[in-house]
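Take a look at the structure set out below.
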Amino acid sequence: DGDFTLSHGELAERVNAVACGLQDIDPTPQSRVGVCGYNSVEYLTAFLGTLAAGKTWVPMNPRNGHEELSRMVEATAPSIIVSDANTMDRFDAGDATIVRGAPLGGPEHACGGDLNVAAMMSDFAGKLPKRHELSPDDVQALKFTGGSSGRPKGVQQTYRVWHTCIDLMIRAFELDENDRNLLAAPMTHGTGTLLVPILGQGGMHVFMPQPTRPAGIIDAFEADRITTAFLPPTVIYMMMAEEDLTKRDFASLKHVIIGGAAMRPSEIKRALPMFNNALETCYGQTEVPQIVTVMRARDWLEDDHKLSSCGKATDRCEVRVIDKDGNFLGTGQAGEIVIRSELVMKGYLDMPEATAETIKDGWLYTGDVAEIEEDGFVYIKDRIRDMIVTGGENVYSKEVEDVLAAHPAVAEAAVIGTPHEEWGETVTAFIVPKADAALDEAAITAHCTAALARYKIPRIIRLVDSLPRTPTGKLQKFLLREGV
């Protein structure tokens, strides 16, 4: 943080004190603690304090709407919610005890009373929290799915899941004590998977003023000699549009991990030299977090074909593809990705039927369509629900979107199937033109005709100002379908 720094020892003292404070409010092991706030040292302290207290972390992204956050609270029934003063109006707290996080200083907060992180750090300074005997299969976090397909589901991530994720993140990205990780994206999501691995290796987290801006991230990369960051493609695109990044000194960058959505292959190729050839990615879902596969920059640099790949399976994950009857497919055949690993969730919260549909015989069914080539690299084609069947032919929306995005006047595009009496579905494209760009349907059709089979060319084209996304940048195609 620009105002002060904390050593690992000082952070540990704060975390232990907050853990004691949480146990004082509710001594029950595994009780749930919601944490709502923007990236800050206070958020990090509350998050780690929750884990140190033997409680279950419920991350609450304040960028989500009041209704969604309130549903999370209702579903998880936390006994405590730690919230920044400026996010307390984002949810209905139910019966939870409210503890103010940021800003520190003074005993009062927006809800009245004197429960706050600052007081905990003072009242319990020098004390250690009670240790509880917990099983690797006990739940460490309750995280909600991204909402790209509709109402989010609560995912139970166990200690076993977290230990596996930490181990794989450290080894897959070769993290060490020299890493300086920029916390730019919300810690409630993919960025959060780097928190413990970086600290465990003796590295450093660098906080940014909130809300983050592309120009601020660019300046921080250079001024703070950042080595590591987790960023969604939308932010990377904005950074590339902000200025000529090749004139910046990004020599320290080692891992700019693309997450939250896939980045277009053409843009990866363009961005690599701008980011010190440090762009990388990994594949996972909330149900099997973050690091099922890993793609290092060196693999992208050696072969343009691999720009469409999310990498190879990590060594604690078994990744296969199956047909609609559940039979394993060979290399080069497209089917649903299934995963067997200690990364797999315990199940959905209070949703046994959905859990049984998702985890079968130890395999997690992802809903993603992919091919695995002979060298082990995984190529995701689409979400099963987003695959279009037109006239008996399968059309992968991602393939069409990548072609559309390659048009110089297109900022971004989304492709869905819409009902058609004769063909079953027809390919429909929603396109956001670049600012001041001249774009019409004829130009788009001509562009697609040169790159796609006839049945893959969009028959319905809509030019729009923006595409619907979740607060973490995931495209919400179900809203496009509802609009049609």
*Determine the interplanar angle of the F47 and W162 rings, folded into 0 to 90°, and report it as parallel if under 30°, tilted if 30 to 60°, perpendicular if over 60°.*
tilted
_A quick test of your reading: do over 12 heavy atoms of other residues, nucleotides or ligands sit less than 6.0 Å from CG of D325?_
yes
*Does a side-chain N-to-carboxylate-O contact under 4.0 Å join R270 and E267?*
yes
*How would you list all residue pairs meeting salt bridge (Lys or Arg N to Asp or Glu O under 4.0 Å) that involve residues 154-171, not counting sequence neighbours?*
D137-R160, R160-E342, D167-R171, D167-R316, R171-D315
_Minimum heavy-atom distance between T358 and M345, given as atom pair plus value_ = CG2-CE, 4.2 Å
*asked:* Tell me which one of V294, I291, T366, V319 satisfies side chain to side chain contact (heavy atoms under 4.5 Å, CB included) with Y283.
replied: T366
_Between the side chains of K381 and D386, is the shortest nitrogen-to-carboxylate-oxygen separation below 4.0 Å, so that they form an ion pair?_
no
*Side-chain heavy atoms of W300 within contact of K269, under 4.5 Å*: no
*Find out whether F377 and H305 are in side-chain contact, i.e. whether some heavy atom of one side chain is under 4.5 Å from a heavy atom of the other.*
no
*asked:* If we ignore hydrogens and angles and just use 3.5 Å, is the side chain of T293 paired with the main-chain N or O of C310 as donor and acceptor?
replied: yes
*Measure from the side-chain N and O atoms of T390 to the backbone N and O of E425, and report whether any donor-acceptor pair falls under 3.5 Å.*
yes
*Which atoms form the tightest heavy-atom contact between M240 and A271, and what is the distance?*
SD-CB, 3.7 Å
*asked:* Restricting to salt bridge (Lys or Arg N to Asp or Glu O under 4.0 Å), what partner residues turn up for D219, sequence neighbours left out?
replied: R248
*Tell me, yes or no, whether the heavy-atom count around E482 atom CD, taken from other residues, nucleotides or ligands under 6.0 Å, exceeds 12.*
yes
_Results of salt bridge (Lys or Arg N to Asp or Glu O under 4.0 Å) for D176 - residues two or more places apart only_ = K254
*side-chain contact (heavy atoms from CB on, under 4.5 Å) between L183 and Y43: does it pass, once the steps are laid out?*
CA-CA 12 Å; L183 294 167; Y43 191 105; over 6 Å; no
*R264 to Y237 six-membered ring, cation-pi geometry met (6.0 Å, 45°)*: yes
*Check whether any side-chain heavy atom of K398 sits under 4.5 Å from a side-chain heavy atom of Y379, and report yes or no.*
no
*Do H8 side-chain atoms and G203 backbone N/O form a donor-acceptor pair below 3.5 Å?*
yes
*Determine whether V155 and F144 make a side-chain contact, defined as any pair of heavy atoms from C-beta on separated by less than 4.5 Å.*
no
_Pair E302 + K306: basic N to acidic O under 4.0 Å_ = yes
_Looking at every heavy atom in both M169 and L194, which two are closest together, and how far apart are they?_
CE-CD2, 3.6 Å
*How long is the span from the CG atom in N39 to the CG atom in D84, to the nearest 0.5 Å?*
10.0 Å
*asked:* Side chains of L343 and L168, heavy atoms from C-beta outward: is any pair under 4.5 Å?
replied: yes
*Short side-chain donor-acceptor distance under 3.5 Å, Y365 and E357*: no
_Other residues, nucleotides and ligands only: do more than 12 of their heavy atoms fall within 6.0 Å of CG on D244?_
yes
*Is there side-chain contact between P136 and T158, with at least one heavy-atom pair below 4.5 Å?*
no
*Do K153 and D350 sit within salt-bridge range, that is, some charged N less than 4.0 Å from a carboxylate O?*
no
